[in-house]
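Structure record follows, encoded as structure tokens.
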Amino acid sequence: MKKFTLPKDGGLIESDLPNGIKHSFERIPAHIFEDEDVASVTLAEKIVSSINASDGIFRLGLTTGSSPVSLYKELVKCYQEGKVSFKRVEIFSIDEYYPAPADGQSRNRRLYEELVSKIDIKPENVHIPKLTEEFDSAYVSDFCARYDTIASNLDLLVMGVGEKGQIGFNENGASEQSRTRTVLLSYSSRKRQARNFAGNVNMTPHSAIAMGISTMMSAKKIYLIGWGEDKADVVKKIVEDEMTPSCPASLLQKHQNISFYVDDNSAAQLTRNVAPWLVGPCEWTPKFIRKAVVWLCEQVHKPILKLTQGDYLSYGLGELLEKHGPYDRININVFNDFQHTISGWPGGKPNADDSTRPVPSSPFPKRVCIFSPHPDDDVISMGGTFIRLVEQGHDVHVAYETSGNVAVHDDVVLQHMDAARELGFGDRFDEVKEIIASKKPGQPEPRALLELKGAIRRSEAKSAVRSFGLNDTTNTHFLNLPFYETGGIKKGERTQADIDIIKELLQKVQPHQIYLAGDLADPHGTHRVCTEAVLEAINQLKDEAWLKECHVWLYRGAWMEWELGKVDMAVPLSPDEVIKKRHAIYRHLSQKDIVPFPGEDPREFWQRAEERTQNTARLYDELGMAEYQAIEVFVKLF
């Protein structure tokens with residue numbers, strides 16, 4: 001099933017553009033692909049070609065983590081198709097926890113499950129820096145030195161990069177002279193790794209054995225890989241900024257044979273995407289012109305209508321003036337374009353001239369289906385628009401795609417059981433306490449406990465939508481997509497069973513508007529899987545008559561916002577509507593304060609949502625638009 005990516009709209013014309021020009025801002029050449037699957041096909045072909053061209057043993061270093069999973073699948077496919085044998089290949093992993101935990105929590109679990117177990121490599125040719133118990137320092141030092149010797153001078157090293165620029169467990173401050181050694185894991189690193197340990201940072205190892213940067217630099221060739229929007233900032237630092245120990249992967253700029261393989265999303269902050277007119281000739285579509293004007297406003301700190309011809313010329317936008325000038329006409333066109341994105345009627349305003357509105361006035365009222373990956377994404381991401389749609393009389397349905405059960409802390413379950421006991425509805429507190437005590441680290445949670453957690457999240461979701469008048473009996477749908485229901489952090493593969501559940505709902509509602517999560521940060525994350533499932537369901541229903549009048553709108557989550565150049569609809573919120581949205585988010589009590597997987601951001605979800613939408617309103621204001629309390633923005637997919 002195809003990965004979800006946003007369609008391109010203008011940009012750098014790369015055909016026939018010399019590599020020297022295309023990579024002119026890059027200290028490490030970046031190769032940009034539509035998505036990680038497409039990139040992995042090319043990477044696998046290169047690796048297979050290198051293996052087949054080798055006269056003797058081919059020594060291949062591989063990264064840990066989730067980044068290489070799609071590459072592993074392609075390598076397995078090549079093996080199954082008879083394109084390569086791994087009998088003459090040695091694999092070297094770049095790190096492992098110390099002491100190494102059970103296999104299910106090992107840093108190298110995916111390496112074994114997704115690659116080693118499915119190819120013809122000899123077991124003795126798989127090398128992991130693994131010690132399963134603690135030893136005295138002399139033994140560990142000797143082990144690391146021996147591993148460093150065999151892992152030096154690799155033929156090829158393939159490595160993913162972390163969000164802070166870490167490579168393996170070489171983190172902020174790592175020395176470029178470092179060799180294979182034990183490292184203490186910082187609290188922030190252990191917090192990231194806690195996802196592999198039931199979200200419990202206290203169960204996460206405090207140290208690891210890591211291949212050093214100097215050892216990595218000894219490889220004959222290096223391929224870096226990085227997928228998803230959450231890697232965009234660090235990809236820019238590694239590829240274009242100066243070397244610094246605070247971003248260890250940037251130290252690899254000194255390597256003479258290195259490339260970085262990225263997808264469109266992780267490459268979003270590279271100059272080739274942010275300001276491609278500085279690199280070479282461009283295709284100037286209306287949205288791309290808007291992107292350029294917004295960028296120029298940010299550079300010169302002016303609103304759109306105050307930009308001058310000198311501003312355009314001074315910042316490399318001469319080609320835009322030549323093809324679409326004069327400058328004042330560009331200013332007025334883009335200003336009007338932005339004005340027309342703003343609408344207080346996300347479902348369309350009845351009996352109104354809709355020639356410049358983002359949503360047609362008829363039919364009215366509309367049938368609307370909001371897909372929410374977790375039971376709170378609807379109100380966090382587009383709560384104000386949700387409230388508007390309900391209050392303006394549309395037939396709004398919300399579909400919670402997953403139960404979100406693993407994101408409920410055990411203490412919250414016990415609190416609910418205690419409340420039931422205090423209210424006289426039955427005493428099962430001790431029974432549930434025993435179920436919680438029976439949990440085993442790294443194993444799926446007991447199904448009985450997951451059912452309770454799912455019920456808590458359903459009750460919170462219904463309470464939230466009741467707070468602004470939606471019928472929680474007829475218009476809320478809990479899909480419980482099977483891919484999510486593994487009982488652990490690792491989810492299953494999306495299958496036709498997931499898609500069929502969505503198809504059934506769509507055929508029942510037959511919506512005029514569909515709202516989907518447009519988050520692309522994590523290629524393997526729940527939001528992306530859910531959105532791809534809905535899009536596949538729509539594709540399978542493409543011949544349905546009602547789909548011809550249906551439009552799909554994409555919202556963003558609590559962490560990231562659409563860049564203004566992409567926005568098709570901006571829904572302004574009043575101060576009172578911001579408070580209503582906040583109160584709806586408050587109803588999700590299990591996600592306040594002690595949410596098991598909060599990520600790096602310490603703010604609560606309502607704070608993230610408000611600051612995000614208020615910042616969008618500020619940006620609109622700075623461009624010369626009206627000043628609003630907050631704005632929720634959407635991209636129209638079709």
Is there a donor-acceptor contact under 3.5 Å linking the side chains of [X] and [Y]?
X    : Y    : value
Y400 : D378 : yes
E632 : T385 : yes
H397 : R367 : no
E485 : N405 : yes

Should the ring pair [X] and [Y] be called parallel, tilted or perpendicular, given that the plane angle runs from 0 to 90° and is split at 30 and 60?
X    : Y    : result
W606 : Y586 : perpendicular
F33  : Y261 : parallel
F468 : F386 : perpendicular

Sidechain N-carboxylate O distance under 4.0 Å for [X], [Y]:
X    : Y    : result
R494 : E536 : no
E81  : K83  : yes
E561 : R612 : yes
K164 : E171 : no
K73  : E493 : yes

> Take atom CZ in R428; do more than 12 heavy atoms of anything else shown fall under 6.0 Å from it?
Replying inline: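 Open: at most 12 neighbouring heavy atoms sit under 6.0 Å from CZ of R428.
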>> Are there over 12 heavy-atom neighbours, none belonging to Q415, within less than 6.0 Å of that residue's CD?
In response: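 It does not: Q415 CD has 12 such atoms or fewer within range.
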>> Among residues at least two apart in sequence or on other chains, which ones pass salt bridge (Lys or Arg N to Asp or Glu O under 4.0 Å) with R421?
In response: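 Applying salt bridge (Lys or Arg N to Asp or Glu O under 4.0 Å) to R421 gives D418, D427.
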Is there a donor-acceptor pair under 3.5 Å between the side chain of [X] and the backbone N or O of [Y]?
X    : Y    : result
Q540 : K503 : no
S117 : E113 : yes
Q591 : A407 : yes
S266 : G226 : yes
H588 : P375 : yes
R110 : T64  : no

> Where do H527 and A517 come nearest, in terms of heavy atoms and distance?
Replying inline: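 Smallest interatomic distance, heavy atoms only, reads ND1-CB, 4.0 Å.
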Side chains of [X] and [Y]: closer than 4.5 Å at any heavy-atom pair?
X    : Y    : result
I225 : S40  : no
Y79  : K118 : no
V529 : T402 : no
F86  : N125 : no

>> I'd like to know whether S403 forms a side chain to side chain contact (heavy atoms under 4.5 Å, CB included) with R457, so could you lay out the CA-CA distance, the side-chain angles of the two residues, the decisive distance to 0.1 Å, and finally the verdict.
In response: CA-CA 7 Å; S403 65; R457 298 217 67 181; over 6 Å; no
> Applying the side chain to side chain contact (heavy atoms under 4.5 Å, CB included) test to I128, which of I209, I91, L111 qualifies?
Replying inline: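 Passing option: L111.
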>> Does S70 form a side chain to side chain contact (heavy atoms under 4.5 Å, CB included) with W227? I'd like the steps, not just the answer.
In response: CA-CA 11 Å; S70 55; W227 324 122; 4.2 Å; yes
